[in-house]
There are 2 protein chains.
Amino acid sequence: MKGQDVILGVLLEAPMSGYDIKHHFEKHFPDMFVASFGTIYPTLNRMEKEGLIEKEIILQEGKPNKNIYHITEMGKEAFHAYIQSPIEPKTIKYDFMMRLVFGKHVSQQQILEWLNQELNQLKEDLLKLKIQQEDSCDCYCACQKLALRFGIAIQQAGVTELENIIAEFECSSQNEKTF
Amino acid sequence: MKGQDVILGVLLEAPMSGYDIKHHFEKHFPDMFVASFGTIYPTLNRMEKEGLIEKEIILQEGKPNKNIYHITEMGKEAFHAYIQSPIEPKTIKYDFMMRLVFGKHVSQQQILEWLNQELNQLKEDLLKLKIQQEDSCDCYCACQKLALRFGIAIQQAGVTELENIIAEFECSSQNEKTF
DNA sequence: GTCCACATGTAAAGAGTTACATGATTAT
DNA sequence: ATAATCATGTAACTCTTTACATGTGGAC
């Protein structure tokens, strides 16, 4: 799953500019894929040269012009090649977990701070997903609702477990100093 | 969190070769960080040039020689700079979830296949973590056990939710064809 | 008066992957 | 015979990030 595949997937829904695409990513699947403008714009230009998409320039006043991209037949074929290829294993880079692995090199204070920080982050993300779920009544297909539900279940489990861990941690560090 | 940081973290435990380091990664934190030999060897060479680690060549018969790397004082400082820097947000690339988002473009058959595939993968990973947890009595510090426990909770939630989703999916596709 | 939203793009650098090359030993 | 384990390394490539450049209009 590369930038190109996801871009084709969203252009299949509606023609869009690079700017729109980034906001679409952030709104609809912030947890599955991230891309910066530095990735999106060059990718769009390459895809246009290759004939996967077509540019339509919208002249605007007071704002820069917009390049609206439409998917072509070739683009649709490229998307179907992706969607029918074997699923790629997920890759995670989870600095918080790595810190726990190396936890013996820092103070208990530091670890507690990390735990609370991560808990806040997880709670925030969970809230966003739940809001998305409530707003999604009609515009999402059944499959997208499944994805959301799956994501929420995982996130919720993370929050619950972290809360337990923090409670125990605070308890044990009051009694014995050698956690 | 780059390759260098994790390498320094494991060399802090014990001197090791590039080959050992990769196996250490795979055994102890397969879900948090992945690195290929193509990353590890060039990184080790660069780190040696920079004085973060020192090479000790072990001559072997019947096998290629081993380069055992030891962490230096400079390396320890570099590690502490990492461990005290702000935690980086986790990044995920989760093709399976993306496929669900684009699910309307494929058959129900295909989706069910994806769901079952992912369930098997999650179950397998969960089993590995549980085995690791049982084997970990002494060699892991309290923090590492927390990391493991946290990972297991998340993984377990994924398995449970996917099982529910699959059960519902099979039910609904028997009755109405328009999932 | 300062920051954010709109809108696109380039250049340089960083990080990592895949595939190749080498070669002995051990297990099936 | 054939594959896996041990062990290191390079080269080419891909992907992505960060930082810069440009410029208007509206909100606080």
Side-chain angles (χ1 to χ4, degrees), chain A residues 1-8 15-27 32-50 53 55-69 78 82 85-86 88-95 98, chain B residues 1-8 15-27 30 32-50 52-53 55-69 78 82 85-86 88-95 98:
Chain A
M1 174 189 48
K2 302 172 222 163
Q4 175 178 314
D5 302 316
V6 192
I7 289 174
L8 288 173
M16 255 181 251
S17 68
Y19 194 85
D20 296 334
I21 288 171
K22 179 154 192 274
H23 289 285
H24 190 94
F25 282 2
E26 282 164 6
K27 189 174 174 196
M32 297 167 230
F33 193 82
V34 182
S36 62
F37 286 128
T39 309
I40 292 171
Y41 289 126
T43 303
L44 285 170
N45 285 325
R46 199 207 65 224
M47 287 166 72
E48 200 203 352
K49 273 185 209 147
E50 291 173 2
I53 53 178
K55 177 160 46 174
E56 175 198 355
I57 300 171
I58 308 284
L59 301 169
Q60 296 189 124
E61 284 165 33
K63 291 182 206 173
N65 293 336
K66 250 188 175 185
N67 301 341
I68 301 284
Y69 292 95
Y82 156 66
S85 70
E88 288 168 35
K90 75 163 169 265
T91 54
I92 318 178
K93 234 182 166 186
Y94 204 169
D95 198 15
M98 213 67 230
Chain B
M1 175 189 48
K2 303 171 222 163
Q4 175 178 313
D5 303 316
V6 191
I7 288 174
L8 288 173
M16 254 180 252
S17 68
Y19 194 85
D20 295 334
I21 288 171
K22 179 154 193 272
H23 289 285
H24 191 94
F25 283 1
E26 282 163 6
K27 189 174 174 196
M32 295 167 230
F33 194 82
V34 181
S36 61
F37 287 127
T39 309
I40 292 172
Y41 289 126
T43 302
L44 285 169
N45 285 325
R46 198 207 66 226
M47 288 166 71
E48 198 202 354
K49 273 185 210 149
E50 291 173 2
L52 304 174
I53 53 178
K55 177 160 47 174
E56 175 197 354
I57 299 172
I58 308 284
L59 302 168
Q60 296 189 122
E61 283 165 33
K63 291 184 208 173
N65 293 336
K66 249 188 176 185
N67 301 341
I68 301 284
Y69 292 95
Y82 156 66
S85 69
E88 287 167 38
K90 77 162 169 265
T91 53
I92 318 177
K93 232 183 168 188
Y94 205 169
D95 198 16
M98 211 68 230

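Letters A, B, ... are given to chains in the order of the sequence lines, protein chains preceding strands, and every chain is numbered from 1.
Shown here are the side-chain contact (heavy atoms from CB on, under 4.5 Å) partners of B:Lys93, two or more places apart in sequence or in another chain: A:Met1, A:Phe33, A:Thr91. Residues meeting the ring-ring contact (aromatic ring centres under 6.0 Å, His included) test with A:Tyr41, sequence neighbours left out: A:Phe37. With sequence neighbours excluded, no residue satisfies salt bridge (charged side-chain N to carboxylate O under 4.0 Å, His left out) with B:Glu56.
Put simply, the side chain of B:Asn67 never gets that close to the backbone of B:Lys55: no donor and acceptor are under 3.5 Å apart. Remark: the backbone N or O of A:Ala35 is not paired with any side-chain donor or acceptor of A:Thr39 at under 3.5 angstrom. B:Glu26 places no side-chain N or O within 3.5 Å of a backbone atom of B:Pro30 that could act as its donor or acceptor partner.
In this structure, CD1 of A:Ile57 is placed 15 Å from P of C:dA7, rounded to the nearest angstrom. The CE-P distance, from B:Met47 to C:dG16, rounds to 12 Å in whole Å. For the pair A:Asp20 CG and C:dA5 P, the computed distance is 15 Å after rounding to whole Å. A:Leu44 places its CG atom 9 Å from the P atom of C:dT8, with the value rounded to the nearest Å. When rounded to the nearest whole Å, the span between NE2 of B:His23 and C1' of D:dT8 equals 12 Å. Spacing between atom OH of B:Tyr82 and atom C1' of C:dA15 amounts to 16 Å, rounded to whole angstrom units. Rounded to whole Å, the distance from CG on B:Asp5 to P on C:dG14 is 15 Å. Atom-to-atom, CD of A:Gln60 to P of C:dA5 comes out at 17 Å; the value is rounded to the nearest Å.
Here A:Asn67 reaches the OP1 or OP2 of C:dG9: one of its side-chain N or O atoms lies under 4.0 Å away.
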Candidate pair A:Asp20 and A:Tyr69, rule side-chain hydrogen bond (donor to acceptor under 3.5 Å, both in side chains), full reasoning: CA-CA 10 Å; A:Asp20 296 334; A:Tyr69 292 95; over 6 Å; no

Worked verdict on A:Tyr82 versus A:Val6 for side chain to side chain contact (heavy atoms under 4.5 Å, CB included): CA-CA 10 Å; A:Tyr82 156 66; A:Val6 192; 5.8 Å; no

Where protein sits on nucleotides 21-28 of chain C, one letter per nucleotide: B base, S sugar-phosphate only, - none, heavy atoms under 4.0 Å: --BSS---

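Side-chain contact between A:Leu44 and A:Ile53 is present, with at least one heavy-atom pair separated by less than 4.5 Å. With contacts defined as side-chain heavy-atom distances shorter than 4.5 Å, the pair B:Glu50/B:Arg46 qualifies.
The side chain of A:Ser17 lies closest to C:dT8, out of C:dT8, D:dT10, D:dT8. Listed nucleotides C:dT8, D:dT10, D:dG9 differ in distance to B:Lys55; the shortest reach to its side chain belongs to D:dG9. If you check C:dT10, D:dT10, D:dT8 against the side chain of B:Asn45, the one that comes closest is D:dT10.
Geometrically, B:Lys90 engages A:Tyr94 in a cation-pi contact defined by less than 6.0 Å to the ring centre and at most 45° from the axis.
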Protein-nucleotides 13-18 of chain D N/O pairs closer than 3.5 Å?
{"residue": "D:dC15", "atom": "OP1", "partner": "A:Lys2", "partner atom": "NZ", "Å": "3.3"}
{"residue": "D:dT17", "atom": "OP2", "partner": "A:Ser36", "partner atom": "N", "Å": "3.4"}
{"residue": "D:dT17", "atom": "OP2", "partner": "A:Ser36", "partner atom": "OG", "Å": "3.0"}
{"residue": "D:dT17", "atom": "OP2", "partner": "A:Thr39", "partner atom": "OG1", "Å": "2.9"}

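The distance from atom OG of A:Ser17 to atom CD1 of A:Ile40, rounded to the nearest 0.5 Å, is 9.5 Å.
Axis angle, first five pairs versus last five pairs of the helix from C:dG1-D:dC28 to C:dT28-D:dA1: 50°, rounded to 10°.
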